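For clarity, every value in this text was computed on a predicted model and none was experimentally measured.
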Amino acid sequence: MIPFLDLKTINAQYRDELIDACTRVIDSGWYINGKELTQFESGFAKYCGTQFTIGVANGLDALILVLRAWLEMGKLCKGDEVLVPSNTYIASILAISANGLVPVLVEPDIDTYNICPKNIVNKITQKTKVILPVHLYGQLANMPEIMAIAKQHNLLVLEDAAQAHGAHINGRKAGNWGDAAGFSFYPGKNLGALGDAGAITTNDPELAETLMALRNYGAHEKYKNIFQGLNSRLDEIQAAMLSVKLAYLDQETTIRQQIAKQYLAEINNPLITLPKYINETAHVFHVFTVRCQNRNALQKHLESHGIQTLIHYPIPPHKQQAYKEWNEFSYPVSEKIHAEILSIPISPVINKEQVCAVVKACSLYMV
Ligand SMILES: *Cc1c(COP(=O)(O)O)cnc(C)c1O
C-alpha cells in the first residue's frame, strides 16, 4: 500500500535530533512558556519574515485568539461580518462563530480552489470588517488583490495559513500578507509537531502584546488578569520538536513541489482535472488534489492499485449539521468541489517508484 502520508517515516528522518531536543526539555525542569518557546517563536518569525510569532495550543486557537484580540482592542464588535471561503476546513468558520461574529461564505475560484476576489467584493456590506482568506491545500490565496480590496474598504485581513507554511510570492510568505495569520502545526501539516501546536504571526506590536496575555489567562503578569483570557499555550516539548523540524521545512517543501511537478507533467487522463497554480512558489502542496466527475470510482480504482487517497473535504461547511441554518443555501462551486475532489499521496518521503505507480494508476482509470 502506498500510504497517503507516512508520518512515522517523516519523523524517523530526524529521530536523533528530536530525542536530543526532548531530553534537553526533560532535563531543564521547565515545561511551559520557557526558552524553547521563545526560540521557536523567533525562528518562525524570522522564517515568515514577520516581526512577531506568538505560539499557541493549536491552529483553531490561533484564529480564535486573533479575532478575540481585535474584539478586545475595539477593532471589532459582536455581530460584525467576516468573509471566509465557502469550501474551507471547518476550523476557519468555527473561529468566527466562536467569537460572536458572523461568517459570510464566499465562493472560491474553481481553478485554484481559493477564495475569489470578485466574489469578495460582491459580499461586502456595512457590517463587513474582516476578510479571512484560507491558503487552501498549500496555495496562497490571491493576496495582492485581496490586500488591495481590504485597503479600499478598510477591512482587516486574517490569513488562515494552516496549510501553507513557506508558500510565497516573490519572497513574501504566507503569514506576512495580512494584519495577522494563524498557523497549525498539527502532525500532518507541512510543519508538524508531535502533538498539537499552533502560532500567530503579525507585524502589529499592539496585537502581539494583547495575544501574549490572551493565550495566558488574560495575564501578562501572574495573577493580574486584564482580559478574560484562555489557556492556549505551545508547550516546551512541542516547541523544541518544531525548532528541529523548521530547519528542514524548505528541503521538504522542495520535494513536495518536485513531486507535484511530476504529477502535473505526467498524469494525463481527460477524466482527471489537475490543480492549477498562479505562481510556482506560491504553492507548497500540503495536499495534491485532483478532480474527477466520478470521484468515488476513481478512489476505488486507486485503492485497487494499492494507493491510499483522502477527500479534503467530503461535506461543505454549509451542509454541516453544526450550521443547520445554512443547510438549504446553495454554493454551487463549493458543492462541485466537495463532490469531485480527491487527494493523492504527496509527501517528503514518498519515493520515485511510488510516484510512478500513482501516475500509472491515474492514467489507467476509465469509466
Ligand atoms: C488544520 C487546519 C486548521 C486547524 O488547525 P488545528 O491545529 O487542527 O486546530 C485550521 N484551518 C485549516 C485550513 C486547517 O487545515
Side-chain angles (χ1 to χ4, degrees), residues 1-15 87 89 112-114 134-139 162-167 184-194 245 248-277 280-315 337-366:
M1 192 74 175
I2 301 175
F4 181 74
L5 183 69
D6 182 356
L7 284 178
K8 188 170 155 180
T9 306
I10 290 176
N11 288 322
Q13 304 175 98
Y14 317 120
R15 191 170 189 275
N87 61 322
Y89 179 57
T112 63
Y113 310 124
N114 272 329
V134 181
H135 308 314
L136 202 66
Y137 306 146
Q139 172 159 225
Q163 302 187 357
H165 319 73
S184 165
F185 308 117
Y186 176 81
K189 300 288 157 90
N190 286 22
L191 178 57
L194 277 71
K245 292 187 72 182
Y248 299 100
L249 177 58
D250 282 345
Q251 203 174 304
E252 292 199 346
T253 299
T254 305
I255 299 172
R256 286 175 183 274
Q257 288 167 333
Q258 282 163 353
I259 295 164
K261 248 193 179 153
Q262 192 176 344
Y263 281 157
L264 289 166
E266 297 179 8
I267 296 176
N268 192 352
N269 185 333
L271 300 172
I272 298 176
T273 307
L274 298 170
K276 292 196 175 61
Y277 48 60
E280 232 173 84
T281 58
H283 205 326
V284 294
F285 291 97
H286 171 56
V287 289
F288 190 98
T289 47
V290 300
R291 252 190 312 125
C292 179
Q293 272 200 358
N294 200 343
R295 183 260 318 280
N296 294 348
L298 175 61
Q299 184 169 42
K300 276 216 186 82
H301 165 84
L302 292 175
E303 197 186 330
S304 75
H305 282 75
I307 297 160
Q308 188 193 10
T309 58
L310 292 179
I311 298 168
H312 297 98
Y313 300 93
I315 305 171
I337 291 171
H338 285 81
E340 296 186 351
I341 211 89
L342 189 68
S343 305
I344 63 178
I346 191 164
S347 96
V349 297
I350 179 171
N351 65 39
K352 282 202 170 67
E353 292 73 45
Q354 291 173 319
V355 173
C356 290
V358 174
V359 168
K360 196 169 162 210
C362 286
S363 306
L364 287 173
Y365 172 71
M366 304 178 282

Say whether, by atom type as modelled, one donor and one acceptor occur between the side chain of [X] and the main chain of [Y] under 3.5 angstrom.
X: K245; Y: A193; answer: no
X: Q308; Y: F4; answer: yes
X: E252; Y: L249; answer: no
X: N11; Y: L194; answer: no
X: H286; Y: K189; answer: no
X: D6; Y: V349; answer: no
X: Q139; Y: K276; answer: yes
X: H165; Y: D250; answer: no
X: N114; Y: H135; answer: no

* For H283, enumerate each residue passing the side-chain hydrogen bond (donor to acceptor under 3.5 Å, both in side chains) test, keeping only those at least two apart in sequence or located in another chain. =>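 side-chain hydrogen bond (donor to acceptor under 3.5 Å, both in side chains) list for H283, sorted by chain: empty.
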* Check side-chain hydrogen bond (donor to acceptor under 3.5 Å, both in side chains) between T254 and all other residues, then give those that pass, not counting sequence neighbours. =>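 Residues passing side-chain hydrogen bond (donor to acceptor under 3.5 Å, both in side chains) with T254: none at all.
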Euclidean distance, [Y] [atom2] relative to [X] [atom1], rounded to 0.5 Å:
X: S363; Y: L271; atom1: OG; atom2: CG; value: 11.0 Å
X: L302; Y: C362; atom1: CG; atom2: SG; value: 5.0 Å
X: I2; Y: E353; atom1: CD1; atom2: CD; value: 10.0 Å
X: F285; Y: T253; atom1: CZ; atom2: OG1; value: 11.5 Å
X: S347; Y: I259; atom1: OG; atom2: CD1; value: 6.0 Å
X: Q299; Y: I341; atom1: CD; atom2: CD1; value: 12.5 Å

* To do: Would you mind listing every salt bridge (Lys or Arg N to Asp or Glu O under 4.0 Å) that reaches into residues 283-293, with sequence neighbours excluded?
  =>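 Sorted result for residues 283-293: R291-E340.
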* **Pairs meeting criterion salt bridge (Lys or Arg N to Asp or Glu O under 4.0 Å) with involvement of residues 253-275, two or more places apart** =>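 For residues 253-275, and leaving out neighbouring residues, the salt bridge (Lys or Arg N to Asp or Glu O under 4.0 Å) pairs sorted by first residue read K261-E280.
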* With H338, which residues qualify under ring-ring contact (aromatic ring centres under 6.0 Å, His included), at least two apart? ->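 ring-ring contact (aromatic ring centres under 6.0 Å, His included) check on H338 returns nothing, list empty.
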* **Contacts of Y137 that satisfy ring-ring contact (aromatic ring centres under 6.0 Å, His included) - sequence neighbours left out** =>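 Testing Y137 for ring-ring contact (aromatic ring centres under 6.0 Å, His included), a comparison that skips the adjacent residues, returns Y113.
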With the side chain counted from C-beta on, respond yes when [X] and [Y] share a heavy-atom pair under 4.5 Å apart, and no when they do not.
X: I10; Y: Y248; result: no
X: V134; Y: Q163; result: no
X: L342; Y: I272; result: no
X: L298; Y: V290; result: yes
X: Y263; Y: L274; result: no
X: I344; Y: I267; result: yes

Looking at every non-hydrogen atom in both residues, tell me the closest pair between [X] and [Y] and how far apart they are.
X: A167; Y: G138; answer: CB-O, 3.7 Å
X: P3; Y: Q354; answer: CD-NE2, 4.4 Å
X: Y277; Y: L264; answer: CE2-CD1, 3.7 Å

* **Residues L136, H312; criterion side chain to side chain contact (heavy atoms under 4.5 Å, CB included); working and verdict** => CA-CA 10 Å; L136 202 66; H312 297 98; over 6 Å; no
* Within 6.0 angstrom of M366 CE, more than 12 heavy atoms from elsewhere ->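 For M366, atom CE is not crowded (no more than 12 foreign heavy atoms under 6.0 Å).
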* Among P275, P345, S343, which residue meets the side-chain contact (heavy atoms from CB on, under 4.5 Å) test with F288? ->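 Considering P275, P345, S343, a side-chain contact (heavy atoms from CB on, under 4.5 Å) with F288 is found only for P275.
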